[in-house]
Undergrad: 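Structure in structure tokens, see below.
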Protein chains: 2
Amino acid sequence: MSTTGQLQQHILRRTHFSEVELAEFFTAFRQVRVKKRQFIVQPEFVPKHRFYVVQGCLRAYVIGDEGQEHTIQFAIDDWWITDYNSYIYQQPASMFIMALEDSIVLQIDYETEQRLKQQCHAYETYFRILAETTAAHMARRVITNLTKTAEQRYEMFLERYPDVAAKVPQYALASYLGMTTEYLSKLRHKRLKS
Amino acid sequence: MSTTGQLQQHILRRTHFSEVELAEFFTAFRQVRVKKRQFIVQPEFVPKHRFYVVQGCLRAYVIGDEGQEHTIQFAIDDWWITDYNSYIYQQPASMFIMALEDSIVLQIDYETEQRLKQQCHAYETYFRILAETTAAHMARRVITNLTKTAEQRYEMFLERYPDVAAKVPQYALASYLGMTTEYLSKLRHKRLKS
DNA sequence: AAATCTTCTTGAACTGGATTAACTTGTCGG
DNA sequence: CCGACAAGTTAATCCAGTTCAAGAAGATTT
């Protein structure tokens with residue numbers, strides 16, 4: 001499948017674009033290769049793009065007051081990623097987004113996205129659905145963080161995202177789940193014994 | 001101002017509807033009075049509506065495995081509220097949404113919303129913006145919960161939402177901030193002394 | 001205005017998870 | 001294939017926040 005073919009599926013599984021709409025939509029994207037450890041978003045800079053991951057693995061994180069990293073989002077094949085707050089309001093980012101492995105992404109820039117959404121109802125619908133999905137996902141995460149223990153959060157993550165769990169380094173997962181690397185290490189060990 | 005006048009402002013501050021579009025949009029809403037302690041969403045039932053709060057105060061919460069309540073969202077005048085996950089996917093709710101005081105809401109039902117969005121690009125845009133705002137808000141909350149201590153979370157909430165903090169009962173706020181009532185009580189006391 | 005229920009407070013004992021620190025194992029560029 | 005740094009482990013100690021328990025202060029109903 002071509003690299004845009006994957007995104008095409010992502011779109012058509014959620015809404016309907018005509019042939020013409022699809023073709024024009026893809027002209028808005030640029031395919032970019034991102035090397036491991038390379039940043040695509042950095043604090044202080046206004047994030048110009050939203051990214052669709054064709055292949056690879058990226059991680060968004062913030063740095064807390066005491067210098068610890070906190071993972072906000074992972075993205076693997078067929079996921080969208082950006083610093084949501086900063087992108088939609090076009091404010092300087094507060095996150096880093098870094099490739100955890102060599103990756104291929106499709107990027108669309110803010111102005112183009114705005115123009116497309118204005119121009120065509122179907123495009124607007126697609127981005128509305130993306131936003132809704134993001135909101136729903138974030139709401140679930142808030143609930144999980146409020147209601148579950150560290151151990152339960154780990155177990156749930158393993159069940160829900162086994163492919164992500166397998167790909168990302170332990171320290172990144174720990175900081176996503178809101179615990180230290182050391183504690184996650186203990187949980188894993190405990191798990192193996194039982 | 002009429003009750004829809006408030007919602008009209010909410011819309012026009014975010015996007016543009018023509019006179020005709022505005023008029024038709026409002027026919028989709030029904031104004032409902034909700035008494036204190038009354039539920040508008042309950043677990044097991046598919047939430048049929050999304051609610052715009054004209055006046056009053058509502059609270060969305062889930063019940064954890066050990067029976068504790070966890071507040072997911074508050075809504076006061078000029079806010080939207082629903083069980084987001086359940087509403088957009090039309091699945092049985094997992095939350096309660098209850099009025100903390102006698103309130104007036106405007107409700108739109110799922111099918112009507114779908115029809116409106118399909119019918120008119122401007123409506124679609126408005127709901128896209130609502131979803132984006134929700135996503136951004138939830139993302140900020142995830143970050144705060146990961147990076148800040150209970151005390152910092154409380155201080156930040158007071159600063160950002162003083163009107164909500166003044167309205168809602170202590171136990172509801174505590175469970176929103178992810179701490180026990182007892183601990184919040186101590187934090188307040190500590191705060192008064194300094 | 002008494003009775004009942006709901007919310008808030010206070011303090012003592014406890015614990016899930018953090019911190020610190022030293023060590024082991026991977027990984028990869030040269 | 002080696003040197004260096006990044007990632008993961010283990011164990012001792014510590015603390016932010018919970019739990020339990022009992023009472024005080026508001027609300028709401030009769």
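Below, each value reflects all heavy atoms present in this structure, side chains not excepted, and no hydrogens, waters or symmetry copies. In what follows, chains carry the letters A, B, and so on, assigned in the order in which the sequence lines appear, proteins first and then strands, with residues in each chain numbered from 1.
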Undergrad: Under 4.0 Å between a side-chain N or O of A:T180 and OP1 or OP2 of C:dA18?
TA: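 Yes, such a contact exists.
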Undergrad: Pick the closest DNA chain C nucleotide for B:T181 and for B:K186 by heavy atoms, then say which residue is nearer the 5' end.
TA: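 Final value for this comparison: B:T181.
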Undergrad: For B:F157 and B:Y176, I'd like to know if the aromatic rings sit close, meaning centre-to-centre distance below 6.0 Å.
TA: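 B:F157 vs B:Y176: aromatic centres under 6.0 Å.
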Undergrad: Could you state the atom-to-atom distance from CD of A:E182 to P of C:dT20 in whole Å?
TA: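 Taking atom P of C:dT20 as the reference, CD of A:E182 is at 10 Å.
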Undergrad: Take the protein atom OH of B:Y183 and the nucleotide atom C1' of C:dC14, then report the distance between them rounded to whole Å.
TA: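 That distance rounds to 15 Å.
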Undergrad: Measure the distance from CG on B:L184 to P on C:dT9 and round it to the nearest whole Å.
TA: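 Distance check: B:L184 CG to C:dT9 P gives 8 Å.
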Undergrad: Looking at A:Y110, does the NZ or CZ of A:K48 lie under 6.0 angstrom from its six-membered ring centre and within 45 degrees of the ring axis?
TA: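 No.
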Undergrad: Distance check needed: D:dT18 P versus B:L177 CG, whole Å only.
TA: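 Rounding to the nearest Å, CG of B:L177 and P of D:dT18 are 11 Å apart.
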Undergrad: Rounding to an integer number of Å, can you tell me how far A:L187 CG sits from D:dG8 P?
TA: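 A:L187 atom CG is separated from D:dG8 atom P by 15 Å.
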Undergrad: For the side chain of A:M179, counting heavy atoms from C-beta on, which of C:dA18, D:dG17, D:dT19 is nearest?
TA: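 Between C:dA18, D:dG17, D:dT19, the one nearest the side chain of A:M179 would be C:dA18.
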Undergrad: Is it true that B:E101 and B:K36 make a salt bridge, defined as a side-chain N closer than 4.0 Å to a carboxylate O?
TA: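 Looking at B:K36 together with B:E101, the answer is no, because their closest N to O distance does not fall below 4.0 Å.
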Undergrad: In terms of side-chain heavy atoms of B:Y171, which of D:dA7, C:dA21, C:dT7 is nearest?
TA: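 My answer, after comparing the listed nucleotides, is C:dT7.
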Undergrad: Assign each of A:R37 and B:K148 to its nearest nucleotide of DNA chain D by heavy atoms, then name whichever residue's nucleotide is nearer the 5' end.
TA: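 On the 5' side of the pair lies A:R37.
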Undergrad: Counting side-chain heavy atoms from C-beta on, which of C:dA21, C:dA18, D:dG17 comes nearest to B:A150?
TA: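 Selected nucleotide: D:dG17.
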Undergrad: Rounded to the nearest Å, what distance is computed from the CD atom of residue A:E101 to the P atom of nucleotide D:dA7?
TA: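 So the two atoms are 14 Å apart, to the nearest Å.
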Undergrad: Can you tell me which nucleotide in D:dG17, D:dA11, C:dT9 comes closest to the side chain of B:T149?
TA: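 Of the candidates, D:dG17 comes closest.
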Undergrad: Measuring to OP1 and OP2 of C:dT10, would you say a side-chain N or O of B:H189 lies under 4.0 angstrom away?
TA: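 Looking at the OP1 and OP2 atoms of C:dT10, one of them is under 4.0 Å from a side-chain N or O of B:H189.
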Undergrad: Taking the six-membered ring for Trp, are A:Y161 and A:F74 closer than 6.0 Å centroid to centroid?
TA: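 For A:Y161 and A:F74, the ring centres are not under 6.0 Å apart.
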